[in-house]
Structure formats: C-alpha cells, structure tokens
S.K.: 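Take a look at this one; I'll ask things after.
Just so you know, ligand 1 is whichever comes first in the structure, and atom 1 is the first atom listed for that ligand.
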Amino acid sequence: MAETERFGTRVVRTARVLPAGAGAPVVPPLVQSVAFDHPSTAEQDAVFANERPGYVYGRYGTPTTSALETALAEIEGTDGAICFASGMAAIHAYVTGCGLQGGGRIVAQEDCYGQVRAMLERMRREQAADVTFVDPTDLAAVRAAVAAAPTRVLYVESISNPLLRVADIAALAQIAHDGGAALAVDATFASPALARPRALGADVVIHSLTKYVNGHGDVMGGVVAGPADVAREMRDRGILDGGYLPPHEAWLILRGLRTLELRVRRQCESALAIAQHLAAHAKVARVHYPGLAAHPQHELASRQFGGRYGGVVSFVLRADTRDAAFRFLDALELIASATTLGDLYSEVLYPAISSHRRIAPEERARLGIGDGFLRLSVGIEDPADLIAELDRALALT
Ligand SMILES: Cc1ncc(COP(=O)(O)O)c(C=O)c1O
C-alpha cells in the first residue's frame, strides 16, 4: 500500500488477502468475495472466455463452491459437477438445459418428488413441454415409454420420495441408452453413501444437497453431476438463470459432507429398527421401507445399496384420515413435524399438506399417498427414544 494513501483509502484497501505464511489450512478457506481482481485485462479476458481456469464474478464460479463441486464430481465419478442454490434449481436447470430445450422429450418417474412433478406438469401446461410419466419399477412400461418417441432424458429417483420405491439403475440405464436417451438419477434419498449411480450406468446424478449431503438442516443447495458437456451447459444455466450456489453455503455443505458416511450408517440402522417396529404396530396399516423383506424391491435394494436401505421410513396410519394424521403430528415432541429430510434430527412430513399439496387428491390416492400417509426421516438420536415417541403419538391416532 502506498505510504501516501489517506486513511479513508487505507481502511478500504488494507488486508484484502490473507498474509502469506507456512502451513496449509486443513479446512478449505471460505472465499466470500463476489469479485476477483486480475493482474491484467488480458488474463481477465482469458478467464471470461474459459481459456484458462479462474474466477471473475460470484455467479460464474467461486473458489469455495468449486471446491465442493470438485469433491462431488470425484465422489460421483463424473467429469464435472455444478452446484445450485437448491435441489429444485438444479433439477430445473437440468430439465430445461439438457432435456426439454428445443422441443426435447423427457420420460419421468410418476411418483417423483411432488414439486418436481408439479414443475414438469406446469411446463407441460404452459410451454407444451413433452413430458411422459411412468412407473420406473415397471421396466416394460419404461421401455415402451422411451421407445414411443425420440427421448432425451429418462428421469428417476434412486429411492423415491415419499413411496420409497427403488429404481433399478443398471436396467434403466440400459433402457435409456437403447432408446438414445440419457439416464438422470435424483439420488437425494440414497445419498452417495448408499450408491453412486454413475458406476451403475447412469449418465447424470442429481442431489438436493439440502438433505443428506449437508445433513444439518441449515443450508439449501443442489448439484448436477455428469459428463463435461452437461457440466458446461449447467455452468451456463447458473450464469444466465442466476441459481448458482453461493460460497458460504458451499463451505457449510463441504463440512457436512465430511460426516456423511457416519451419519447415514447410524440413520440406516435406526430406520431399519423403526420400520420393523412399525410393521408390527396395531395402529399402522402399512410400512414402506426397502429394508423390509415385504418391500417389492427388497432384493434389488439389497444388491444395489450393499445391505443398507436409507434413513427414511414411510407409513400409513390404520386410521387413514387427516384428523388422525394431525393428532399424530401434534403429539410429537422429540421428532420435528417439518418439511425436510436427511438431517441429523428426526423429522416427520405430511405429504398431503406439503410436498404433494399441488398434486390432485385423486392422483395422490392413485399413487398411494393418501390422508393417513406420513414420511419419517430418521435422525442420529438414540433409536429407543424415537420408538418411544412414535408409540406415544400413535396411541392418539
Ligand atoms: C428427492 C428430492 N429431490 C429434490 C428435492 C428438492 O430439493 P430442495 O428442497 O433442495 O430444492 C427434494 C426436496 O425435498 C427431494 O426430496
């Protein structure tokens, strides 16, 4: 800094960068800067032109978000990964940028996350988007749907929200590829701890990072991980549509990622014990959990996820009414009645008033998400306390 600078300039310009010194941080630094200065305009021009790696502006990429993207691409085994401000932003960017653009066609899971279904239905309504819904556990139906017309993307969830159907990723990849389509897997529920879909043949992996990957209920984010051309398109969507993930969020998600394996291991063990308990409970009519032998895709889940079945258990109250569901939810003390999952805290969601609110009641009923349907995301608390809490609340239904 020039000695001649006045105080008003000094306080603005001092300590812009961390002082140099030996020793590398063991935690990646949070670089919260929106703008990046370059020693020459030629260098800045080259970074803008993507001719050399670098940073120019927060919406184009930040060092901390890039660190998370590098980690996720490495974990998922893809060429690249681009992060967005939420899972929905990531899915919207992928669907519009790599599926429906220029009149492309998507075949999508009929019981995907309710808001994704609502988004695709809106696109169909407002933009005449070519979207067909299918049951991904019916492989013959998927093959017929993909073959019916040129298809760009087959879109499924590895474990579906909230019915917990399990998609056979290797078989679906084969069907998609035979029909000239890409297989995109929303792997939010399974998380990278249970399976890496790319290794099973999927082309693109999507996560709501808000859920298991962060796991602490304090950040929203999403990612699209895939081949280089998809990553390039996603980068462009982030720049022009503005849904890129800011650095502080990325820093927190990277911290959450460190404990993913430990958290999910505990959650899977507790969820299995809870599912078994609920399956024998007089007040519960039905339990959806891939770890139960009665689950229609139990064997597939065992094979695909290596003996773990995820931390979410869905169940239907014997009193299959809205009143009973409200009484159950209002009785909860330890478990939050909240609209999320994958956190280290246990949470119960009531789809009829939240994720599936926009889905017509008849369609909800057809899918099996009726008025007594509840979704429990099991946290890392002691499972005995969770079971005692569930018994107490069920007694009131
Ligand atoms: C399977 C699945 N995908 C995507 C999303 C959307 O993610 P976000 O809430 O981060 O936008 C959710 C949200 O619950 C989800 O459950």
S.K.: Heavy atom of Ile206 under 4.0 Å from ligand 1?
M.R.: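 Judged by the 4.0 Å heavy-atom criterion, Ile206 does not count as contacting ligand 1.
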S.K.: Using the side chain to side chain contact (heavy atoms under 4.5 Å, CB included) rule, pick out the option among Leu209, Leu68, Thr70, Leu30 that qualifies with Leu254.
M.R.: Leu68
S.K.: Using distance alone, determine whether Thr210 and ligand 1 share an N or O pair under 3.5 Å.
M.R.: yes
S.K.: Provide, to 0.1 Å, the distance between atom 9 (O) of ligand 1 and the closest protein heavy atom, together with that atom's residue and name.
M.R.: Met220 CE, 3.6 Å
S.K.: Identify, for atom 15 (C) of ligand 1, the protein heavy atom at the shortest distance, and state residue, atom and that distance.
M.R.: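 Atom 15 (C) of ligand 1 sits closest to the protein heavy atom Tyr113 CG, 3.7 Å.
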S.K.: Is the ring centre of Phe315 less than 6.0 Å from the ring centre of His281?
M.R.: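 For Phe315 and His281, the ring centres are not under 6.0 Å apart.
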S.K.: Is there at least one pair of N or O atoms, one from Met88 and one from ligand 1, spaced under 3.5 Å apart?
M.R.: yes
S.K.: How far apart are the C-alpha atoms of Glu69 and Arg235, what are their side-chain angles, what is the distance that settles it, and do they pass the salt bridge (Lys or Arg N to Asp or Glu O under 4.0 Å) test?
M.R.: CA-CA 11 Å; Glu69 290 170 340; Arg235 166 80 64 217; 3.6 Å; yes
S.K.: Can you confirm if the aromatic rings of Tyr309 and His295 lie within a centre distance of less than 6.0 Å?
M.R.: no
S.K.: Show which atoms of ligand 1 fall inside a sub-4.0 Å distance from at least one heavy-atom site of Lys211.
M.R.: 9 (O), 13 (C), 14 (O)
S.K.: Parallel, tilted or perpendicular: which one describes the rings of Trp251 and His248, with boundaries at 30° and 60°?
M.R.: parallel
S.K.: With heavy atoms of Ser86 as the reference, note each atom of ligand 1 found under 4.0 Å away.
M.R.: 10 (O), 11 (O)
S.K.: In terms of atom number and element, which parts of ligand 1 are under 4.0 angstrom from non-hydrogen atoms of Ile91?
M.R.: 4 (C)
S.K.: Just distances here: any N/O of Asn161 and N/O of ligand 1 closer than 3.5 Å?
M.R.: yes
S.K.: Rounded at 0.5 Å granularity, tell me how far CD in Glu121 sits from CZ in Phe133.
M.R.: 5.0 Å
S.K.: Within the 4.5 Å heavy-atom criterion, are Asp391 and His277 side-chain neighbours or not?
M.R.: yes
S.K.: Is there a polar contact, in the sense of an N or O pair closer than 3.5 Å, between Gly87 and ligand 1?
M.R.: yes
S.K.: Among all the protein's non-hydrogen atoms, which is closest to atom 3 (N) of ligand 1, and how far away is it?
M.R.: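 Scanning the protein heavy atoms, the shortest distance from atom 3 (N) of ligand 1 goes to Asp186 OD2, 2.6 Å.
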S.K.: Could you establish whether Gln115 and ligand 1 come within less than 4.0 Å of each other, counting only heavy atoms on the residue side?
M.R.: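 So Gln115 does not count as touching ligand 1.
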S.K.: Which residue in the set Val348, Leu341, Ile369 passes side chain to side chain contact (heavy atoms under 4.5 Å, CB included) when paired with Arg375?
M.R.: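 The passing option is Leu341.
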